[in-house]
*Asks:* 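Have a look at the structure that comes next, please.
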Number of protein chains: 2
Amino acid sequence: MDLDLRKVRYFVAVAEHLNFGRAAEALHIAQPVLSRQIRALETELKVQLFDRSSKGTTLTPAGLRLLEDARPLLTQASALLRRVGVADTFTVGFMPGLIVTPAVRLLASRHPGLQVDVLRTTWEDQVEVIHDGRVDVSYVRLPVPLDGLRHVPLFDEPRVAVVPATHRLAGKESVLEVDLTGERRVQHTDPPGFRSVEEKLEHVAMHGGVAILPLSTAIFYSREDLVHVPIEDIAPNEVALAWAEHRHTPLIAEFIEIAQQV
Amino acid sequence: MDLDLRKVRYFVAVAEHLNFGRAAEALHIAQPVLSRQIRALETELKVQLFDRSSKGTTLTPAGLRLLEDARPLLTQASALLRRVGVADTFTVGFMPGLIVTPAVRLLASRHPGLQVDVLRTTWEDQVEVIHDGRVDVSYVRLPVPLDGLRHVPLFDEPRVAVVPATHRLAGKESVLEVDLTGERRVQHTDPPGFRSVEEKLEHVAMHGGVAILPLSTAIFYSREDLVHVPIEDIAPNEVALAWAEHRHTPLIAEFIEIAQQV
DNA sequence: CCAGGTCCATACCTTCAGGGTATCGCGGAC
DNA sequence: GTCCGCGATACCCTGAAGGTATGGACCTGG
């Protein structure tokens, strides 16, 4: 009748480990219990979720589809748990460099007694914090995966090249992307990437290269030994306000209004 | 640890009724059980959700906030079930003009957690939807091909002639079929027929002629510029409830009961 | 002012799902 | 053939969810 979130959580664990024994260990339950629960889930759903064999466990197509629904459901449930009991609080997330104070102040002033918090996000968790309820709304830099989210664009801002003050491009009024050919770009992209803007800039200062950042970010993190130069022909960075699509609270609606006007 | 969706569903029921007894009734459980479950939920969440008094129950602010999260969570959970293919869903088909709401409401109220859907059919697909499983039962207008179907007659209703308000027959108390001789009948029958009642009526309004419809259909689609007149000597339209003969589910049996009583 | 009604809580019982341990059966690998 | 990894089965125990009966607080009409 009702879906049992415990079983769903067990299912996700097995789907991730593709091994009942290790999944059971991760869940801190005995393996036979896990086997039984998964079987019970399959019975309830009248669908086979795994192909079991003594040499491995794999997801069936139905299992794969369930997994896609199960994860967001679990995060939504934990978001609910996180939010409940927390005193009347409204939390605004923001990416580094974005100035949220005016909007936050305005919301707070209109609702005395409401605790308005802010949470600085990173490139990696800017979407996650919305889904798991750590923030009610968040200022994000597009593009982000928009599944389960709603958003309104707020403004665009140009990107700049950040280089050492001694760099050949330092002092220029502006550059074109072609001027950067041959420069090593310091990016957050995957494997050996940098987790924060500070680290990126540190790297540029130490070892040269060029970091490409939205203007406000570059200004926010400006340092003596680095300068930034506008790049004329690169697509601007879009800043948007995003929130979970299943949440429709008056406060969120009001903040969206405020953010668009500020 | 895990949120219990059953308790959440109970919570929403109480929040909607603001009365433990009636909520329990709607959920088909005993009132003390509901009280205990809500209390357990409050303990688990460490938050008081309701203010109880012998003269009424109200949501606390925390309860109100939980309600905002609880509804979408339940929706997402049932969406998951539906997509996995287990959706506990019962779908009732109906021909235009027939009012199914009371019966549907009654079934839904007797089975909390059951998703009861309705599907409007047309003259062409009213049987097809039964066979292909789009509906579990359907209100049909006889005659229909009954192969593979079982049905119970529900009621008869007179047919009326729908004519422009300016027509010579408009305003009459009733007419006989013979009065219609010479009139062009606008019918849905095959090739160049009209696919919907709306189209038929549009045609009558534009180009004259007469449409013969069951009374309820004529009422449902009534327009300012058209009037309907009962036809005394034409066989009445029979409305029946039909279902696939190879399907014998308790829900179908129950709905048949309900439909006959309503 | 008391009788009855409404509403939620408490007490107590029964059932069953979920957790645990011990052990089996099946394949693949050495 | 033997061993090992992996999931399934068998059996027990506990606790949570369901039920009925009843209590206690509060309102309301006579």
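Quick note: numbers below take in every heavy atom, side chains included, and nothing from hydrogens, waters or symmetry partners. Predicted model only: the values in this text are computed from it and were never measured. Chain letters run A, B, ... following the sequence lines, proteins first, then strands; residues in each count from 1.
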*Asks:* Could you run down nucleotides 8-21 of chain D 5' to 3' and tag each one B, S or - for protein heavy-atom contact under 4.0 Å?
*Replies:* BB-------BBBBB

*Asks:* Starting at atom CD of Glu25(B), determine the distance to atom P of dT6(C), rounded to an integer number of angstrom.
*Replies:*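 Glu25(B) atom CD is separated from dT6(C) atom P by 13 Å.
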
*Asks:* Within a 6.0 Å radius of atom CZ on Phe155(B), are there more than 12 heavy atoms belonging to other residues, nucleotides or ligands?
*Replies:*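 Yes.
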
*Asks:* Could you check how far CG of Leu3(A) sits from C1' of dA17(C), rounded to whole Å?
*Replies:*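 Rounded to whole Å, this separation is 16 Å.
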
*Asks:* What bend angle does the helix from dC1(C)-dG30(D) to dC30(C)-dG1(D) show across its length, from five-pair end axes and to the nearest 10 degrees?
*Replies:*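 Rounded value for the end-axis angle: 10°.
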
*Asks:* Return the minimal non-hydrogen interatomic distance between Arg141(A) and Pro96(A), and the atom names on each side.
*Replies:*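 Heavy-atom minimum between the residues: NH2-O, 3.1 Å.
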
*Asks:* Looking at Glu238(B) and Asp156(B), what are the two nearest heavy atoms and their distance?
*Replies:*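 Minimum heavy-atom separation between Glu238(B) and Asp156(B): CG-OD1, 3.3 Å.
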
*Asks:* Give a yes/no on whether any side-chain N or O of Asn19(A) is located under 4.0 angstrom from OP1 or OP2 of dG5(D).
*Replies:*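 So the side chain of Asn19(A) is outside the cut-off, no N or O lying under 4.0 Å from OP1 or OP2 of dG5(D).
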
*Asks:* Rounded to the nearest Å, what distance is computed from the CG atom of residue Leu49(A) to the C1' atom of nucleotide dG7(D)?
*Replies:*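 The distance from CG of Leu49(A) to C1' of dG7(D) comes to 16 Å, rounded to the nearest Å.
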
*Asks:* Please confirm whether the shortest side-chain N or O distance from Thr57(A) to OP1 or OP2 of dG7(D) is below 4.0 Å.
*Replies:*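 Answer is yes, contact under 4.0 Å.
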
*Asks:* Check whether the side chains of Gln126(A) and Thr122(A) place a donor and an acceptor atom closer than 3.5 Å, and report yes or no.
*Replies:*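 Distance-only check fails for Gln126(A) and Thr122(A).
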
*Asks:* Between Leu49(A) and Glu42(A), what is the shortest heavy-atom contact and its length?
*Replies:*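 Closest approach of Leu49(A) to Glu42(A), heavy atoms only: N-OE2, 2.8 Å.
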
